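All figures in this text were calculated on a predicted structure; none of them were measured in a lab.
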Amino acid sequence: MEIINFTPLSALAGGALIGLSAAFLMWSQGRVAGISGIVGGLVQPVRGDLDWRWLFVIGLVLGGVLYRVLGIGPGVEHIQPVVSQGVLVLAGLLVGIGATIGAGCTSGHGICGLARRSPRSLVATLSFMGTAFVTVFVVRHLMGVAA
């Protein structure tokens, strides 16, 4: 097994920023930083509950764009998707459907829920991880899709 695109410093910085943003959102709005719930609130808006959601999503996208444009981290220019854009869109839709069925996503359950010692979030996170392991095995080894 070869680990490619291993960037521990940028991963550490990214993890710290995710934790800080989740803590700030909890402190300032009393909300859990679950991306699926935040985006879901934009799709089905509630009056007076949109500003912080837009700011969070814009900050999320802007952070990635700035990271890429500024070339801050080592190896950024070498990170390329190994599947087509269609597959990426399909995968994103499936993740969205799974997050809806699971009443939350990896960020909501995995980061915020586990930090709050929620048993429900532990079960959800274990389900997400187990499903990811099986999916990678099936796609790479049984279907032969290269990564």
Side-chain angles (χ1 to χ4, degrees), residues 1-76 78-83 85 87-141 145 147:
M1 181 169 114
E2 179 184 358
I3 297 176
I4 57 173
N5 300 327
F6 181 62
T7 56
L9 292 179
S10 61
L12 181 62
L17 289 173
I18 289 170
L20 283 173
S21 67
F24 180 75
L25 186 62
M26 180 63 78
W27 172 76
S28 66
Q29 300 292 320
R31 303 286 183 138
V32 171
I35 303 305
S36 62
I38 292 171
V39 173
L42 293 175
V43 174
Q44 297 177 335
V46 174
R47 182 178 293 246
D49 192 43
L50 288 175
D51 293 346
W52 71 269
R53 291 177 189 273
W54 278 115
L55 289 173
F56 196 94
V57 171
I58 289 169
L60 192 68
V61 173
L62 190 60
V65 169
L66 285 175
Y67 185 83
R68 176 79 180 193
V69 169
L70 297 176
I72 299 171
V76 170
H78 300 296
I79 298 173
Q80 299 294 324
V82 294
V83 295
Q85 289 185 348
V87 171
L88 290 175
V89 169
L90 176 64
L93 289 173
L94 290 173
V95 168
I97 292 169
T100 302
I101 293 170
C105 59
T106 53
S107 58
H109 283 299
I111 297 170
C112 299
L114 291 180
R116 294 173 32 228
R117 297 182 184 169
S118 165
R120 186 181 123 198
S121 291
L122 176 61
V123 171
T125 302
L126 291 173
S127 298
F128 298 153
M129 296 304 293
T131 303
F133 294 151
V134 170
T135 301
V136 168
F137 179 80
V138 169
V139 169
R140 286 191 180 173
H141 301 290
V145 177

Undergrad: Could you tell me whether the side chain of R53 and the main chain of G37 form a donor-acceptor pair under 3.5 Å?
TA: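 The answer is yes, because a donor-acceptor pair under 3.5 Å joins these two groups.
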
Undergrad: CD1 of I35 to CD1 of I18: how many Å apart, nearest 0.5 Å?
TA: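 Reported to 0.5 Å precision, the distance equals 8.5 Å.
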
Undergrad: If you round to the nearest 0.5 Å, how far is OG1 of T125 from CZ of R120?
TA: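 OG1 of T125 is found 10.5 Å from CZ of R120.
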
Undergrad: How long is the span from the CG atom in L12 to the CG atom in L17, to the nearest 0.5 Å?
TA: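 The CG atom of L12 sits 9.5 Å away from the CG atom of L17.
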
Undergrad: So how far is it from L94 CG to T131 OG1, rounded to the nearest 0.5 Å?
TA: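 Answer for the CG-OG1 pair, L94 versus T131, is 12.0 Å.
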
Undergrad: Does some side-chain heavy atom of L25 sit less than 4.5 Å from a side-chain heavy atom of I38?
TA: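 Yes, close enough: below the 4.5 Å cut-off.
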
Undergrad: Which atoms form the tightest heavy-atom contact between A22 and C112, and what is the distance?
TA: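 What the structure gives for the nearest pair is CB-SG, 3.9 Å.
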
Undergrad: Taking ring pair (Phe, Tyr, Trp, His ring centres under 6.0 Å) as the cut-off, I'd like each qualifying pair that reaches into residues 35-58, sequence neighbours left out, listed once.
TA: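 Sorted result for residues 35-58: empty, none.
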
Undergrad: To the nearest 0.5 Å, tell me how far D49 CG sits from Q44 CD.
TA: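 Rounded to the nearest 0.5 Å, the CG-CD separation comes to 12.5 Å.
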
Undergrad: Evaluate the side-chain proximity of H109 to L114: yes if any heavy-atom separation is below 4.5 Å, no if none is.
TA: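 No; the side chains remain at least 4.5 Å from each other.
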
